[in-house]
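Down below is the structure, laid out as structure tokens.
Worth knowing before you read on, the calculation uses all heavy atoms, side chains too, and leaves out hydrogens, waters and symmetry mates. Just so we're on the same page: letters track the sequence lines, and every chain starts at 1.
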Number of protein chains: 2
Amino acid sequence: MNIGDAAEASGLPPKTIRYYEEIGLLQPDRRGNNYRDYSGSHIHSLRFLARARSLGFSIEDCRQLLSLYGDRCRASADVKAIARGHIEEIDRKIGELEQMRATLSALVDACHGDARPDCPILEGLAG
Amino acid sequence: MNIGDAAEASGLPPKTIRYYEEIGLLQPDRRGNNYRDYSGSHIHSLRFLARARSLGFSIEDCRQLLSLYGDRCRASADVKAIARGHIEEIDRKIGELEQMRATLSALVDACHGDARPDCPILEGLAG
DNA sequence: AATAAAGGTTCCAGCAACTGGAAGTTCAAG
DNA sequence: CTTGAACTTCCAGTTGCTGGAACCTTTATT
């Protein structure tokens, strides 16, 4: 299967798939014409990667998850630990964003937002 | 005022301050020895930038906000529009993260997380 | 059979917003 | 006078791709 079809099948752009190969996430076979050749299990891995990335896992997390995915003797505890760590990270980010949102939205509410130059938002930023 | 003191006064690292200069956010004076020289109003701008960045405004947003901040004839509506746009962006990000969190946390809850290889998280990622 | 279009290949550059490090001034203290 | 801190510039690396150039192979059309 050519990279274009692999892209179609996995939902990842060809560029991204080549990039994943470059950083050693996934090594496809090569055909006589030097074209990459993706098997069913490659496609499976690509879809796995696509989902893991869409859930916000870092590339390094993905590397570990993929390795655990391919390890028939893995302990589910290892996977769970990575996922838990990632949830904590997500919670941290959500917290930060909500903090920003609250501050910002207080400033926006205080601003009349018309043609006059007086502006509580800028004043708030100026401190 | 030297860059080290400006860093101290603004809370931004010297590297960041130089970077802001490089991208044209803020032009300090130069002394005879080629050292950068920051005035009170420079410090004010740096603190403004530090706060705006900590609220998640992009550098380009900051550039506009800083320009509005320095414009005595600005309309507060312009500022409010930028801030509103940014809040929307924050809301979008929060939404995405919460979506991820929900999916991920369902997977984590389904995973027994012990020494056995059976793992709903990996199965979920595999699709 | 010739050719054009589509899809493959490599490599290099760039995005955001810094950050680290090297190599070379200049300044302040003892 | 020397040591060390703080300053200068420039280049490389971070994360995770993405765009483009230059070239090769396959496929479709004439």
What closest approach, in Å, do A/Arg47 and A/Ala9 show between heavy atoms, and which atom pair accounts for it?
-> NH1-O, 2.8 Å

Donor-acceptor under 3.5 Å (A/His112 side chain, A/Pro120 main chain) | no

Spacing of B/Ile17 atom CD1 relative to C/dC18 atom P, expressed in whole Å | 11 Å

Spacing between A/Ile3 atom CD1 and D/dT26 atom C1', to the nearest angstrom = 16 Å

Is it true that B/Glu96 and B/Arg92 make a salt bridge, defined as a side-chain N closer than 4.0 Å to a carboxylate O?
-> yes

Please answer whether the main-chain N or O of A/Met1 pairs with a side-chain N or O of A/Asp37 as donor and acceptor at a distance below 3.5 Å.
-> yes

Whole-Å distance between D/dG20 C1' and A/Arg18 CZ?
-> 13 Å

Using atom CE of B/Met1 as one end and atom P of C/dC27 as the other, report the distance to the nearest whole Å.
-> 18 Å

Do the charged groups of B/Arg101 and B/Glu98 touch, with an N to O distance under 4.0 Å?
-> no

One would report the end-axis bend of the helix from C/dA1-D/dT30 to C/dG30-D/dC1, five pairs per end and rounded to 10 degrees, as 20°

NA contact type, B/Pro14, heavy-atom cut-off 4.0 Å: base, sugar-phosphate, or nothing?
-> nothing

Other residues, nucleotides, ligands: >12 heavy atoms within 6.0 Å of B/Arg18 CZ = yes

Is A/Asp118 salt-bridged to A/Arg116, going by a charged N under 4.0 Å from an acidic O?
-> no

Given D/dT18, is OP1 or OP2 found less than 4.0 Å from the side-chain N or O atoms of A/Thr16?
-> yes

Mind listing the residues from residues 19-37 of chain A sitting with a heavy atom below 4.0 Å of DNA chain C? Number order is fine.
-> A/Arg30, A/Asn34, A/Tyr35, A/Arg36

For DNA chain C, find the residues of residues 42-68 of chain B with a heavy-atom distance under 4.0 Å and give them by number; none if there aren't any.
-> B/Arg53, B/Ser58, B/Ile59

For B/Ile82 and B/Leu68 the tightest heavy-atom approach is CD1-CD1, 3.9 Å

What heavy-atom pair brings A/Leu46 and A/Ser10 nearest, and what distance separates the two atoms?
-> CB-CB, 3.6 Å

Please assess A/Leu125 against B/Leu55 for the test side chain to side chain contact (heavy atoms under 4.5 Å, CB included), listing each intermediate value before the final yes or no.
-> CA-CA 9 Å; A/Leu125 289 171; B/Leu55 287 175; 3.8 Å; yes

What integer distance in Å separates A/Leu12:CG from D/dG16:P?
-> 14 Å

Salt-bridge present (A/Glu60, A/Arg63; N to O < 4.0 Å) | yes

Is a donor-acceptor contact shorter than 3.5 angstrom present between the side chain of A/Lys15 and the base of D/dG16?
-> no

